[in-house]
Enquirer: 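Structure provided below as structure tokens; questions to follow.
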2 protein chains.
Amino acid sequence: MSKCESCIIKEFNSLKSLTREELMRVSACKTGKIYRKGQVIFEEGETINGVYCVKDGVCKLSKLSENGKDQVVKLVVKGGLLGKRSLVSEQKTNLSAIALNDMEMCFIPKSEIMNDLSKNPKFTMDVLREMANDLKDSDESLVNMAQKSVKRRMAEILMYIHDDFGTDEDGYLSIILSREDYASIVGTATESAIRILSQFKKEGLISATGKRIKIEDYNSLKWME
Amino acid sequence: MSKCESCIIKEFNSLKSLTREELMRVSACKTGKIYRKGQVIFEEGETINGVYCVKDGVCKLSKLSENGKDQVVKLVVKGGLLGKRSLVSEQKTNLSAIALNDMEMCFIPKSEIMNDLSKNPKFTMDVLREMANDLKDSDESLVNMAQKSVKRRMAEILMYIHDDFGTDEDGYLSIILSREDYASIVGTATESAIRILSQFKKEGLISATGKRIKIEDYNSLKWME
DNA sequence: TTTAAAATATGATATTTGTCATGTAATTAG
DNA sequence: CTAATTACATGACAAATATCATATTTTAAA
């Protein structure tokens, strides 16, 4: 397994604020893991004693609602860290993480990080900053969820995936999700999600072959009432 | 103005992790402020260079949605800190804070706190912990908003206020909100909020005299489908 | 490859929620 | 104290969304 200090992933997350020495120590104790599509990385209620660093692939962070439906709270891609909250809290995790495609990850035990968290202010500030940002995003999502229609939310998630995670060479969204996944991101019934995507297709806003979706008319999506 | 070190408020927030010396320095530079009911403490888009410490009263943190409606994201009472995010980010605040009744607050400039944030790991960890907790709460709210009916959400906010902020000697919720506030917490139209509260009243789940609301049948609220 | 299972699609219908209209009660300004 | 404004209430209706039923297509397992 490659060393953390040479891993480009660290450019994307808080680990970039660790010194060379710290990174080497972290590297020595990290565990590489492969997850297959659909596999559970951790589940709501588990105690996760460390952080997962995503080297490749995408996963969803979701939470089971009392009505039995999953709600996706966040998508995490290369460079993201899972389980930050476990660093500062003894509580069990409130979210489940499930791989959306094949993933490569590193697991870094909490004990290793804690040392740096108490001694390297730059690193701590960075973790703090990331968490503050997550919080801002979460507030934003809350407002969207509360105030916008399902159609609008669907349009926005499509644009979000397009903008933040990019497209493949043919212009298709590089993150592939099932209609059920879309439903549980947008917070609606699967049938409704299907219906809305069909409608977008009819209106020429998107095109789709199976699960692969391409945005054809970004502006109309953006300005749709 | 009293000194921070003798202020009981510090027991409730991150400031408790500051040393006696640090608290004295903070105390020396803080500014006491009084806000009247309805007054704006800060507004979305402003740069707030510090944190507000709530000594008395209640305020709402809200965000304006694109549809022109406000969405309340959090209620903050005695012991809460506003503007934590400003400590770690240069960005403008994403939320507005408005007093729900007369409030007493202390403002502590960012410059003072920053010193402690970089030198006192215990304090930093505490801020981190608080932010992690906010994040957890926010995720929770997101799921509720996405998956539960307006009626259910209303029942839950009533129970939340009851459990977390308490009642007065007559059993009425100690936080007094307008129906419009309830609507913008629950994320619905004002008329819908009014209608649901009326319905709860008819069903004997709550009683209300004007804005004062008392929970009469907690269990039915809790188990309501 | 064949077949069973899962995902997608769509109609019909019920339920929830929003909007507009209008009236009454409660607050607040003068 | 009174007038005027704002908050609350409720009906009627429209729009959005969920649910149930049932094909059809796609995917995965044997």
Side-chain angles (χ1 to χ4, degrees), chain A residues 36-39 65-71 98 100-102 144-158 172-173 176-203 206-214 224-225, chain B residues 36-39 60 65-71 98 100-102 144-158 176-203 206-213 224-225:
Chain A
R36 309 302 301 271
K37 179 182 174 182
Q39 205 178 337
S65 170
E66 285 159 32
N67 65 6
K69 287 186 188 166
D70 257 327
Q71 176 64 40
I98 296 175
L100 288 174
N101 47 33
D102 293 353
N144 288 345
M145 207 56 90
Q147 302 282 352
K148 296 180 179 172
S149 70
V150 173
K151 211 167 105 184
R152 196 81 258 279
R153 267 138 60 194
M154 184 65 83
E156 292 190 3
I157 190 65
L158 290 170
Y172 287 92
L173 298 181
I176 307 286
L177 298 169
S178 68
R179 304 293 192 264
E180 194 181 359
D181 282 329
Y182 276 107
S184 71
I185 292 173
V186 161
T188 192
T190 306
E191 295 95 320
S192 298
I194 291 172
R195 237 180 271 275
I196 287 171
L197 287 173
S198 297
Q199 190 194 341
F200 284 179
K201 224 168 18 177
K202 272 185 202 130
E203 292 170 350
I206 64 170
S207 62
T209 50
K211 291 199 204 312
R212 297 175 73 219
I213 292 180
K214 175 158 39 173
M224 189 185 68
E225 42 87 37
Chain B
R36 307 302 302 271
K37 180 183 174 183
Q39 208 178 335
K60 60 178 176 185
S65 171
E66 285 160 31
N67 65 5
K69 286 185 187 166
D70 257 329
Q71 176 64 40
I98 296 176
L100 288 174
N101 47 33
D102 294 352
N144 288 344
M145 208 55 91
Q147 301 283 350
K148 296 181 180 172
S149 70
V150 174
K151 209 167 106 184
R152 198 80 257 279
R153 267 138 61 196
M154 184 65 83
E156 292 191 2
I157 189 65
L158 289 172
I176 306 287
L177 297 169
S178 68
R179 304 293 194 263
E180 193 180 1
D181 282 329
Y182 276 107
S184 72
I185 291 173
V186 162
T188 190
T190 305
E191 297 94 321
S192 297
I194 290 173
R195 236 182 273 274
I196 288 170
L197 287 174
S198 297
Q199 192 195 340
F200 284 0
K201 225 168 16 176
K202 271 185 204 130
E203 292 171 350
I206 64 170
S207 62
T209 50
K211 290 200 203 313
R212 299 176 72 220
I213 292 178
M224 191 184 68
E225 40 88 38

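Naming convention: chains lettered A, B, ... in sequence-line order (proteins, then strands); numbering from 1 in each chain.
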Enquirer: Measure the distance from OH on B:Y182 to P on D:dA9 and round it to the nearest whole Å.
Expert: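 Value for this atom pair: 12 Å.
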Enquirer: Using atom CE of A:M145 as one end and atom P of C:dT17 as the other, report the distance to the nearest whole Å.
Expert: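 These atoms are roughly 15 Å apart.
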Enquirer: So how far is it from A:R153 CZ to A:T188 OG1, rounded to the nearest 0.5 Å?
Expert: 6.5 Å
Enquirer: For the pair made of CD1 in B:I176 and C1' in C:dT27, what is the distance, rounded to whole Å?
Expert: 15 Å
Enquirer: Check the distance between C:dA26's C1' and B:E180's CD and give it to me in whole angstrom.
Expert: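 Taking CD of B:E180 and C1' of C:dA26, I get 16 Å after rounding.
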Enquirer: Sequence neighbours excluded and cut-off under 3.5 Å, please list the side-chain donor-acceptor pairs for residues 176-184 of chain B, or say none.
Expert:
| residue | atom | partner | partner atom | Å |
| --- | --- | --- | --- | --- |
| B:S178 | OG | B:E180 | N | 3.4 |
| B:S178 | OG | B:D181 | N | 3.0 |
| B:S178 | OG | B:D181 | OD2 | 3.3 |
| B:R179 | NH2 | B:G210 | O | 3.4 |
| B:D181 | OD1 | B:K60 | NZ | 2.8 |
| B:D181 | OD2 | B:S178 | N | 3.4 |
| B:S184 | OG | B:D181 | O | 3.2 |

Enquirer: Could you tell me the separation between the CD atom of A:E156 and the CD1 atom of A:I185, rounded to the nearest 0.5 Å?
Expert: 13.0 Å
Enquirer: Please report the distance, rounded to the nearest Å, between CZ in B:R179 and C1' in C:dG18.
Expert: 19 Å
Enquirer: Do any side-chain nitrogens or oxygens of A:S198 fall under 4.0 Å of OP1 or OP2 in C:dT10?
Expert: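 For A:S198, the contact criterion (side-chain N or O under 4.0 Å from OP1 or OP2 of C:dT10) is met.
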Enquirer: For nucleotides 15-29 of chain D, read 5' to 3', which letter fits each nucleotide if B means a protein heavy atom sits under 4.0 Å from the base, S means only the sugar-phosphate is that close, and - means neither?
Expert: --SSBB---------
Enquirer: Which side-chain N or O atoms in residues 193-201 of chain A pair as donor and acceptor under 3.5 Å with protein atoms at least two apart or in another chain?
Expert:
| residue | atom | partner | partner atom | Å |
| --- | --- | --- | --- | --- |
| A:S198 | OG | A:I194 | O | 2.9 |
| A:Q199 | NE2 | A:E203 | OE2 | 3.0 |

Enquirer: Please examine the side chains of B:K148 and B:M154, heavy atoms only from C-beta on, and report whether any two atoms are closer than 4.5 Å.
Expert: no
Enquirer: Please enumerate all residues that pass side-chain hydrogen bond (donor to acceptor under 3.5 Å, both in side chains) together with A:N101, with sequence neighbours excluded.
Expert: none
Enquirer: Using five pairs at each end of the helix from C:dT1-D:dA30 to C:dG30-D:dC1 to define an axis, what is the angle between those two axes, to 10°?
Expert: 60°
Enquirer: Holding to side-chain hydrogen bond (donor to acceptor under 3.5 Å, both in side chains), I want the full list of residues that pass it with A:S149, two or more places apart in sequence or in another chain.
Expert: none
Enquirer: Without decimals, in angstroms, what is the distance between A:F200 CZ and C:dT8 C1'?
Expert: 17 Å
Enquirer: To the nearest Å, give me how far apart CG (B:N101) and C1' (C:dT27) are.
Expert: 17 Å
Enquirer: Expressed in angstrom and rounded to an integer, what is the separation of B:R212 atom CZ from D:dC8 atom C1'?
Expert: 17 Å
Enquirer: Under the criterion side-chain contact (heavy atoms from CB on, under 4.5 Å), I'd like the reasoning laid out for A:S65 against A:Q71: C-alpha separation, chi angles, the key distance, then a yes or no.
Expert: CA-CA 7 Å; A:S65 170; A:Q71 176 64 40; 5.6 Å; no
Enquirer: Starting from the C-alpha separation in whole Å, work towards a yes-or-no answer on side-chain contact (heavy atoms from CB on, under 4.5 Å) for B:Q147 and A:E66.
Expert: CA-CA 8 Å; B:Q147 301 283 350; A:E66 285 159 32; over 6 Å; no
